[in-house]
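Read the structure below first, then the notes.
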Amino acid sequence: LDGLIDEKDQGITIDIAFKYFNFDKRQIVLVDSPGHVEFTKNMANASTYANIAIILLDVQKGITEQTLTHLKIILKLSEVTEIIFCVNKMDKIDYDSKYFIDVSKKVDALLFNERKVNSYIIPISALKGENITKNSKLMSYYRGNNLLDTLKNINVNQINDYSNSMRVQSIEKDNGERLYFVDIFEGKIDL
């Protein structure tokens with residue numbers, strides 16, 4: 001989804017990109033946002049537009065500090081109630097279930113006390129297209145829906161009316177804590 005020349009040259013997402021498509025009488029807007037730590041404010045800004053979040057996890061790296069930062073942003077600054085964790089690069093470990101199970105347990109532990117969100121954990125290979133639009137025969141141990149079917153079946157009860165619209169201006173660290181400086185256009189934030 002990357003549109004900037006720098007993004008294509010570096011192979012990373014820097015800015016927020018919106019892509020629109022209709023699927024089975026449902027309009028889906030993908031808000032591609034950066035994952036790298038240098039562009040966290042763009043990810044935080046993108047999360048304020050979302051009803052559903054998709055977090056990509058590298059199966060070999062598992063949950064990183066940046067994953068925790070993204071999750072914290074989603075839980076604190078957005079109205080997202082559905083989070084899809086895509087455990088990616090399953091092809092690099094020959095689709096071995098033990099790695100997926102290990103990452104899944106860690107995700108479940110992270111969300112154990114979080115009652116405001118529903119979570120889905122899907123093993124995928126984005127490069128090979130496994131578990132993206134159809135269920136993969138290479139991961140027969142996984143009995144859930146592929147990514148597209150998961151998106152189709154999630155019932156977003158209320159379309160985000162952006163009642164908590166904000167723009168993240170900057171993020172700074174102070175004594176190990178992240179401080180988010182935002183412009184709030186409407187609504188309030190309960191932290």
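All residue numbers refer to positions in the sequence shown, counting from 1. None of the values given here were measured: they were computed from a predicted structure.
- Checked by atom type and distance alone, the side chain of Asp149 never pairs as donor or acceptor with a backbone atom of Asn145 at under 3.5 Å.
- The shortest side-chain heavy-atom distance between Phe85 and Asp108 does not fall under the 4.5 Å cut-off.
- At a threshold of 4.5 Å between non-hydrogen side-chain atoms, the residues Val59 and Asn88 do not count as touching.
- For the pair Asn131 (side chain) and Ser136 (backbone), a donor-acceptor distance under 3.5 Å is present.
- Between the side chain of Thr133 and the backbone N or O of Gly129 there is no donor-acceptor pair closer than 3.5 Å.
- Residues Ile54 and Ile154 share a single hydrophobic cluster, defined by chaining ILVMFWY side chains whose heavy atoms lie under 4.5 Å apart.
- Ile74 CD1 to Lys116 NZ: the interatomic distance, rounded to the nearest 0.5 Å, is 10.0 Å.
- Remark: Lys105 NZ is loosely packed, at most 12 non-hydrogen atoms of other residues, nucleotides or ligands lying under 6.0 Å away.
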Please lay out, stage by stage, how Leu148 and Ile132 fare under the test side chain to side chain contact (heavy atoms under 4.5 Å, CB included). CA-CA 6 Å; Leu148 186 59; Ile132 303 296; 5.9 Å; no

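- The side-chain heavy atoms of Phe100 and Ile121, taken from C-beta on, include a pair separated by under 4.5 Å.
- The closest side-chain heavy-atom distance from Ile52 to Val80 is not below 4.5 Å.
- Residues Met139 and Met90 are in side-chain contact: their nearest non-hydrogen atoms beyond the backbone lie under 4.5 Å apart.
- By the 4.5 Å heavy-atom criterion applied to side chains, Ile84 and Ile122 are counted as neighbours.
- If you take OH on Tyr95 and CD1 on Ile93, they are separated by 9.5 Å, rounding to the nearest 0.5 Å.
- For Lys106, the salt bridge (Lys or Arg N to Asp or Glu O under 4.0 Å) partners are Asp102, not counting sequence neighbours.
- Between Ile124 and Val87, the closest side-chain pair of non-hydrogen atoms is not below 4.5 Å.
- For the side-chain hydrogen bond (donor to acceptor under 3.5 Å, both in side chains) test with Glu82, the passing option among Thr150, Asn51, Asn118, Asn155 is Asn118; the others fail.
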Kindly indicate, with the supporting measurements, whether the criterion side chain to side chain contact (heavy atoms under 4.5 Å, CB included) is fulfilled by Thr69 and Thr64. CA-CA 9 Å; Thr69 299; Thr64 64; over 6 Å; no

For the pair Val107 and Ile55, evaluate side chain to side chain contact (heavy atoms under 4.5 Å, CB included) and give the outcome as yes or no after the intermediate values. CA-CA 11 Å; Val107 168; Ile55 296 179; over 6 Å; no

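- Residue His70 holds its NE2 atom at 10.5 Å from CG of Leu56, rounded to the nearest 0.5 Å.
- Between Asp94 and Leu138, every side-chain heavy-atom pair lies at or beyond the 4.5 Å cut-off.
- Listed here is the closest heavy atom pair of Gly62 and Val103: CA-CG2, 4.2 Å.
- Note on Leu127: it does not cluster hydrophobically with Leu57, by side-chain heavy-atom contacts below 4.5 Å among ILVMFWY residues.
- Follow the hydrophobic side-chain contacts under 4.5 Å out from Tyr99 and you reach Tyr141 in the same cluster.
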Verify side chain to side chain contact (heavy atoms under 4.5 Å, CB included) between Gln60 and Lys89, making sure each step is shown before the conclusion. CA-CA 8 Å; Gln60 292 174 309; Lys89 301 185 181 180; 5.6 Å; no

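- Counting only N and O atoms by type, the side chains of Asn135 and Asn146 include a donor and acceptor under 3.5 Å apart.
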